[in-house]
Amino acid sequence: MKMMIHVIMGYNEVSIGVAKYLLHRNEVVYITDCKVKGVHKQKDFAFVDRAFVDALDTSLFKVYVYEPPYKRARLLSGEND
């Protein structure tokens, strides 16, 4: 079974609400922020850059990506999926 990771694209009030909901359900959540290089943990959230998201191995993880308006997630698939 693959570990699930949720990546929320963009840092704003709505995306923080989605992130809080997922964290409350004990999910792994990353928020992309263009001001961050690599991974930066701040309080409850882990902020990442686009290179981190691109480096996630979809053969090991199920990566769900949330983009505005953050209503639904799409499954990120790799070349081998």
Applying the 4.5 Å side-chain criterion to the ILVMFWY set and letting contacts propagate, would [X] and [Y] be lumped into a single cluster?
| X | Y | value |
| --- | --- | --- |
| Leu22 | Val39 | no |
| Phe47 | Val53 | no |
| Phe52 | Met3 | yes |
| Leu23 | Val65 | no |
| Val36 | Val7 | no |

Residue pairs fulfilling side-chain hydrogen bond (donor to acceptor under 3.5 Å, both in side chains) with at least one residue in residues 26-45, sequence neighbours excluded: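 Sorted result for residues 26-45: His6-Glu27.
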
Beyond-backbone contact of Leu75 with Tyr64, side-chain heavy atoms, under 4.5 angstrom: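 Heavy-atom side-chain distance check passes, below 4.5 Å.
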
Any Ile5 side-chain heavy atom under 4.5 Å of Leu56 side chain: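 Heavy-atom side-chain distance check passes, below 4.5 Å.
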
Results of side chain to side chain donor-acceptor pair (under 3.5 Å) for Tyr21 - residues two or more places apart only: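 For Tyr21, no residue satisfies side chain to side chain donor-acceptor pair (under 3.5 Å) once neighbours in sequence are set aside.
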
Sequence-distant partners of Arg25, salt bridge (charged side-chain N to carboxylate O under 4.0 Å, His left out), two or more places apart: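 With sequence neighbours excluded, Arg25 shows a salt bridge (charged side-chain N to carboxylate O under 4.0 Å, His left out) to no residue whatsoever.
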
Results of side-chain contact (heavy atoms from CB on, under 4.5 Å) for [X] - residues two or more places apart only:
| X | value |
| --- | --- |
| Glu13 | none |
| Ile16 | Tyr11, Lys20, Ile31, Phe45 |
| Asp57 | Ser59, Leu60 |

Enclosure of Arg74 CZ (heavy-atom neighbours >12, cutoff 6.0 Å):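 More than 12 within 6.0 Å, yes.
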
N/O donor-acceptor pair under 3.5 Å between Lys2 side chain and Thr58 backbone: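 Side chain of Lys2 to backbone of Thr58, a donor-acceptor pair under 3.5 Å: yes, one is there.
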
Ser15 side chain to Gly10 backbone, donor-acceptor under 3.5 Å: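 It does hold such a pair.
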
Residue pair Val29 / Ala19: nearest heavy atoms and the distance that separates them: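 Reported closest heavy-atom pair: CG1-CB, 3.9 Å.
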
Smallest separation among heavy atoms of Met4 and Val28, with atom names: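 For Met4 and Val28, the tightest heavy-atom pair comes out as O-CB, 3.8 Å.
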
